[in-house]
Amino acid sequence: RIHDFAEVMGRHISCHTNSNSASPIGQQKRERTGKHKGFLHAVVIVGSKIDGFLVDVLENFFGDLVETGFRISHSGRWIAVDPARAGIFGHSMGGHGALVLALRNPQRFKSVSAFAPISSPMRCPWGEKALAGYLGEDRNAWREYDATALIESRGWKWPPLLVDQGTKDQFLDTQLKPELLREACAKAGVPLELRLREGYDHSYFFIASFMEEHLRFHAQHLAAHQPS
């Protein structure tokens, strides 16, 4: 049930980490940057077991086409997921990825939230390096992978974008720049709930502290799209 999801996920989110840049995943990300121009055929599969549920998220990138599939297994049985009623959230680069996927696929994602997302990779050192490595030097091509540019060109018709940002985040001024997201939303008339959390940094303690609020945000808005 959708209202149980916040409780299930909240018990496990603090166990997740990808902050070790020396890990095999971090090494693979560095090795792949620049090798697959234009996202021609990248596949990312994320699997996690939560209270006996196996949750797989599959993303296929073929040029401009993004297909995202979900499947959930419990007790050896697959459970159907309504592909037209899904929410998405992420942290840091993943937070920006969540914003981009939602903005580019509003028919799939009806709610989106982020923790400390990069607001505009076109205008920060991390993003400029990554976008140039994957897409080349044509900055116009970067706009399809920049949340602020997508807000400008496509808008957003669903519930407010929810963003939590710690005020003591070490990347706040140089990489994340939430003021750019605020400006883009204001100009486009897109509702944004940007919550500055005093004293919090970029860590997973920050995420764990407010994860339940995000899950309840998604549960509330996705329930509103439930077929009558």
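In the hydrophobic clustering of this structure, Leu180 does not group with Leu172; members are Ile, Leu, Val, Met, Phe, Trp, Tyr whose side-chain heavy atoms approach within less than 4.5 Å, directly or through other members. Side-chain heavy atoms closer than 4.5 Å link hydrophobic residues (I, L, V, M, F, W, Y) into clusters, and following such links, even through other members, never connects Phe217 to Leu222. Residues Ile88 and Leu162 do not share a hydrophobic cluster, clusters being chains of Ile/Leu/Val/Met/Phe/Trp/Tyr side chains in contact below 4.5 Å.
By the 30° and 60° cut-offs, the orientation of the rings of Tyr200 relative to Phe205 is parallel. His202 and His91 have tilted rings, their planes meeting at an angle from 30° to 60° on a 0 to 90° scale.
In this structure, Ile118 and Cys124 have side chains that are in contact, with non-hydrogen atoms separated by less than 4.5 Å. At least one side-chain heavy atom of Pro106 sits less than 4.5 Å from a side-chain heavy atom of Trp158.
One distance of note links CD of Gln175 with CD of Gln170; it measures 10.5 Å at 0.5 Å rounding. Within the model, atoms CD of Glu179 and OG of Ser119 stand 7.0 Å from one another, a figure rounded to the nearest 0.5 Å. Between Ser153 atom OG and Arg104 atom CZ the span is 10.0 Å, to the nearest 0.5 Å. Between the CE atom in Met211 and the CZ atom in Phe89 there is a gap of 4.0 Å [rounded to 0.5 Å]. Considering OG of Ser120 and CG of Leu99, their distance stands at 11.5 Å, rounded to 0.5 Å. Note that the CG atom of Asp169 and the CG atom of Leu176 stand 5.0 Å from one another [nearest 0.5 Å].
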Tell me, with the steps shown, if Arg195 and Asp164 meet salt bridge (Lys or Arg N to Asp or Glu O under 4.0 Å). CA-CA 5 Å; Arg195 307 188 297 194; Asp164 271 313; 2.7 Å; yes
Determine, step by step, whether Phe115 and Gln165 satisfy the side-chain contact (heavy atoms from CB on, under 4.5 Å) criterion, reporting the C-alpha distance in whole Å, the side-chain angles of both residues, the deciding distance to 0.1 Å, and the verdict. CA-CA 6 Å; Phe115 291 91; Gln165 174 62 62; over 6 Å; no
Start with the C-alpha distance between Trp156 and Val112, add both sets of side-chain angles, then the distance that settles side-chain contact (heavy atoms from CB on, under 4.5 Å), and finish with yes or no. CA-CA 10 Å; Trp156 175 252; Val112 58; 4.0 Å; yes
Arg139/Met122 under side-chain contact (heavy atoms from CB on, under 4.5 Å): CA gap, chis, key distance, verdict: CA-CA 8 Å; Arg139 296 182 70 90; Met122 294 178 64; 4.0 Å; yes
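Remark: the backbone N or O of Ala86 is not paired with any side-chain donor or acceptor of Arg108 at under 3.5 angstrom. Formation of a donor-acceptor pair under 3.5 Å by the Thr167 side chain with backbone atoms of Gly199 is found in this model. The backbone N or O of Trp142 lies less than 3.5 Å from no partner atom in the side chain of Asp146, so there is not a single donor-acceptor pair. Panel note: side chain Thr148, backbone Ala184; no donor-acceptor pair is recorded below 3.5 Å.
Between Glu144 and Arg154 there is a salt bridge, with a side-chain nitrogen of the basic residue lying less than 4.0 Å from a carboxylate oxygen of the acidic one. With respect to Glu128 and Arg123, no salt bridge is recorded, no charged nitrogen being found less than 4.0 Å from a carboxylate O. With respect to Arg216 and Glu212, a salt bridge is recorded, a charged nitrogen being found less than 4.0 Å from a carboxylate O.
Taking every heavy atom of both residues into account, His218 and Ser111 meet most closely at ND1-OG, 2.6 Å. The heavy-atom pair separating Pro160 from Leu192 by the smallest distance is CB-N, 4.4 Å. The two atoms that bring Ala149 and Arg143 nearest to each other are CB-O, 3.5 Å, heavy atoms only. Val100 and Ala147 get closest at one heavy-atom pair: CG2-N, 4.0 Å. Considering all non-hydrogen atoms of both residues, Pro117 and Val163 come closest at CD-CG1, 3.6 Å. Residues Cys185 and Ile151 share a closest heavy-atom pair of SG-CD1, 3.7 Å.
The ring of Trp126 has its center closer than 6.0 angstrom to the ring center of Phe171. Aromatic rings of His96 and Tyr145 (six-membered ring for Trp) have centroids beyond the 6.0 Å cut-off, not under it.
Judged by the 6.0 Å and 45° rule, Arg197 forms a cation-pi pair with Phe210.
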